[in-house]
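Notes follow the structure.
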Amino acid sequence: MTEENYVHCVENTIRIAEQLMVDSKGLRASMFKSREQATNQMYAQSQMVEMIMRRRVYDIQRARNEMEWQKYKLETNLQKVEREIEALRAAVADKINPTKLVETRLETRTRRPVLERVQDKPMRGLIEEYERIHMSSNMLQKKLEDALATYHDMYNHHQRVVKDLEYKNQALETDRRLIEIRKPLHAPDETQFKRNVGYCHMANEMVPE
């Protein structure tokens, strides 16, 4: 090989090597770009998923708090209705003896001999007392039945609220555990505060350190 051919061969080899290096750099840049794009997309998707999960936790927790307040109010009203039922039952029981007494007196007068069956003032008073006691007893009995119906409706609603509250607590605990499981997906220096700032888009409003 002549010197000229040797130099030409070496230069050609150098050009080929430089071209391969350029191609290699371009390939590495393309791979790096694709990898960074995939990483950014996955990170954005992860942030969106966690934001949705945290919003869900917030909504479930708010609904659970409202249901706990509703459960508390129902229990308070149930106790109140229970006291009303006991008072009505006592009032109905108190009417038994006066009712028996006036019925006995009225029956005794109606069984008198024919000549002694007089529609006098005591007789009319007994009839009025009999009607008044029976009307009062019927009203108390009706109130007692209404109170019992209200109590049963409230109790059934309370049971549904308790069951729904149990489901809400289970869902809340599951979502919280999912958020804990996803913690390794975040950067090591990314704190909870930084993530909340990112979720709320408050980075531009923060005072620089």
Side-chain angles (χ1 to χ4, degrees), residues 1-80 150-209:
M1 181 183 297
T2 63
E3 182 178 357
E4 183 179 356
N5 289 338
Y6 176 76
V7 172
H8 179 73
C9 182
V10 171
E11 290 177 349
N12 189 36
T13 302
I14 292 174
R15 284 196 300 269
I16 294 173
E18 290 177 347
Q19 184 62 41
L20 289 174
M21 290 173 62
V22 171
D23 295 341
S24 178
K25 289 181 179 179
L27 181 60
R28 287 199 303 270
S30 177
M31 293 174 60
F32 178 80
K33 180 180 179 182
S34 300
R35 186 183 64 184
E36 289 299 315
Q37 287 178 346
T39 302
N40 292 336
Q41 290 175 358
M42 291 178 62
Y43 180 77
Q45 183 179 7
S46 174
Q47 294 292 93
M48 180 62 66
V49 170
E50 185 161 349
M51 182 178 68
I52 293 173
M53 291 178 63
R54 290 184 180 278
R55 178 66 185 182
R56 172 180 164 84
V57 167
Y58 171 77
D59 292 338
I60 293 177
Q61 190 168 4
R62 184 176 62 179
R64 185 201 60 179
N65 294 340
E66 292 176 356
M67 293 185 69
E68 285 182 344
W69 172 251
Q70 186 178 4
K71 175 175 172 287
Y72 169 76
K73 294 297 290 183
L74 281 170
E75 291 173 349
T76 303
N77 292 331
L78 279 173
Q79 294 176 358
K80 181 179 178 180
T150 301
Y151 179 83
H152 290 310
D153 292 340
M154 291 176 63
Y155 179 79
N156 292 333
H157 184 57
H158 176 267
Q159 293 301 307
R160 290 193 296 270
V161 169
V162 170
K163 182 62 67 174
D164 291 342
L165 188 58
E166 181 180 352
Y167 292 151
K168 286 288 188 297
N169 286 327
Q170 291 177 355
L172 187 61
E173 181 64 23
T174 301
D175 287 346
R176 283 176 173 172
R177 290 178 61 186
L178 287 174
I179 292 175
E180 290 295 321
I181 291 173
R182 291 178 57 84
K183 278 187 176 180
L185 299 177
H186 301 290
D189 60 341
E190 187 177 15
T191 62
Q192 180 69 45
F193 176 74
K194 290 182 178 180
R195 290 200 295 275
N196 291 336
V197 169
Y199 298 147
C200 300
H201 306 288
M202 295 176 58
N204 295 332
E205 301 180 15
M206 301 297 296
V207 179
E209 296 181 359

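Positions are given from 1, in the same order as the sequence printed here. Both backbone and side-chain heavy atoms feed into the values below; hydrogens, waters and symmetry mates do not. Every value quoted in this text rests on a predicted model; they were computed, and no experiment measured them.
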Check whether any side-chain heavy atom of D153 lies under 4.5 Å from a side-chain heavy atom of T150, and answer yes or no. no
Using the side-chain hydrogen bond (donor to acceptor under 3.5 Å, both in side chains) criterion, which residues pair with D23? Sequence neighbours excluded. Q19
Any salt bridge linking E173 with R177? Criterion: basic side-chain nitrogen under 4.0 Å from a carboxylate oxygen. no
Quick one: does T174's side chain have a donor or acceptor within less than 3.5 Å of a partner on Q170's backbone? yes
In Å, rounded to the nearest 0.5 Å, how long is the span from NE2 of H157 to CG of L78? 10.0 Å
At what distance, to the nearest 0.5 angstrom, does CE of M67 lie from CG of N65? 11.0 Å
Kindly determine whether K71 and E75 satisfy salt bridge (Lys or Arg N to Asp or Glu O under 4.0 Å), including the steps that lead there. CA-CA 6 Å; K71 175 175 172 287; E75 291 173 349; 2.9 Å; yes
When rounded to the nearest 0.5 angstrom, what is the spacing between CZ in R56 and CG in L172? 9.5 Å
Looking at E4, I want to see if its CD is surrounded by more than 12 non-hydrogen atoms of other residues, nucleotides or ligands under 6.0 Å. no
From CZ (R176) to CE (M53), nearest 0.5 Å: 12.0 Å
Do any N or O atoms from the side chain of T76 and from the backbone of Y72 form a donor-acceptor pair under 3.5 angstrom? yes
How about R54 and M51: do any of their side-chain heavy atoms sit closer than 4.5 Å? no
Got a second to check how far D164's CG is from Q70's CD, nearest 0.5 Å? 9.0 Å
Atom pairs and distances, donor-acceptor, side-chain atoms in residues 57-64, under 3.5 Å, two or more places apart:
none

Determine whether V162 and H158 make a side-chain contact, defined as any pair of heavy atoms from C-beta on separated by less than 4.5 Å. yes
Quick one: closest heavy-atom pair of I179 and E50, and the distance? CG2-OE2, 4.2 Å
Neighbour count >12 (heavy atoms, 6.0 Å) for atom CD, Q45: no
For T13, check side chain to side chain contact (heavy atoms under 4.5 Å, CB included) against everything at least two apart and list the hits. C9
Please step through side-chain hydrogen bond (donor to acceptor under 3.5 Å, both in side chains) for the pair S24 and R28, ending with a clear verdict. CA-CA 6 Å; S24 178; R28 287 199 303 270; 2.7 Å; yes
Give, for atom CE of M154 and atom CG of L74, the distance between the pair rounded to the nearest 0.5 Å. 5.5 Å
